[in-house]
Amino acid sequence: MKNKTDKAEKIDKIETPKITDAALLPLQPIDALQTKEEYSRCQISDIQLEYQEAEKVSFDKVLFKNVIISESSLRAIELTDVIFENCDLSNVNFSEAFIHRTEFRQCKMIGTDFTRARFQNVSVINSLCDFASFRFSKLKLTAFGQCSLNSADYYQADFQKVAFEDCKIDQAVMAGVRLKDTDLSSCEFTGLLVDLEDLPGCIISADQAASFAGLLGLVIK
């Protein structure tokens with residue numbers, strides 16, 4: 001079993017957003033998002049965006065703070081060096097997104113759709129992500145810390161150095177996900193949907209072993 005130092009080292013390899021001082025970024029007013037629109041070096045704060053329908057909107061070196069996006073589809077959004085802080089992105093369609101050097105801090109992303117998205121150097125911290133979809137996504141150097149991911153869907157996602165630390169992942173779908181070297185030992189769950197052939201090398205705690213016993217046809221006495 002890997003210890004917390006090993007897990008911390010894995011998380012430390014993730015590159016953080018390259019924003020020198022996010023608080024000093026100029027405020028950017030937004031009424032509506034347009035397809036292929038580009039935003040760079042700005043702060044978007046304390047607004048609510050509703051009924052947005054746009055594709056391939058690009059954000060580079062942007063801070064989102066206290067932003068609510070609802071009833072919206074922003075397919076193939078591009079996020080590079082972006083910070084989301086205390087934002088509500090629940091049920092937003094971010095399918096086919098490209099997300100690089102981005103942090104989600106204390107965000108609400110219940111049912112958010114990241115299907116076929118590409119994550120690289122991404123941290124999701126202390127966020128509520130129940131029922132979020134990461135189906136067919138590629139997650140490389142991605143960390144979930146102190147998050148609620150109950151019933152999140154990772155079906156056939158590609159994990160490359162993905163870390164889960166102190167997360168709630170009960171009934172999460174990880175079928176078709178190769179879990180070798182994925183450490184779930186600090187997470188809370190009573191059951192996961194996984195495929196037997198993907199379990200070798202998955203790291204769990206002794207207390208969690210009972211949750212997998214049924215999959216293996218074992219009876220714990």
* Within 6.0 Å of CZ in R118, more than 12 heavy atoms from elsewhere -> no

Side-chain ([X]) to main-chain ([Y]) donor-acceptor, under 3.5 angstrom:
X    : Y    : result
Q208 : A206 : no
Q43  : L25  : yes
H100 : Q120 : yes
S90  : I110 : yes
Q28  : C42  : no
S133 : D113 : no
T182 : F159 : no
T35  : E55  : yes

* **Gap separating the OG atom of S73 from the CZ atom of F94, nearest 0.5 angstrom** => 9.5 Å

* **E96 and its side chain to side chain donor-acceptor pair (under 3.5 Å) partner, picked from K56, R116, R75** => R75

* To do: Please determine, by modelled atom types, if D130 and S148 share a side-chain donor-acceptor pair under 3.5 angstrom.
  => yes

* Asked: Between the side chains of S205 and D207, is a donor N or O closer than 3.5 angstrom to an acceptor N or O?
  -> no

* Partner of F84 under side chain to side chain contact (heavy atoms under 4.5 Å, CB included), chosen from V67, L63, L79 -> L79

* **Of D88, D46, L89, the residue whose pairing with I68 passes side chain to side chain contact (heavy atoms under 4.5 Å, CB included)** => D88

* To do: Walk me through it: do D170 and T190 pass the test side chain to side chain donor-acceptor pair (under 3.5 Å)?
  => CA-CA 6 Å; D170 193 40; T190 57; 2.7 Å; yes

* Ring center gap for F134 and F144 short of 6.0 angstrom -> yes

* **Matching residue for D81 among K18, R41, R101 - test: salt bridge (charged side-chain N to carboxylate O under 4.0 Å, His left out)** => R101

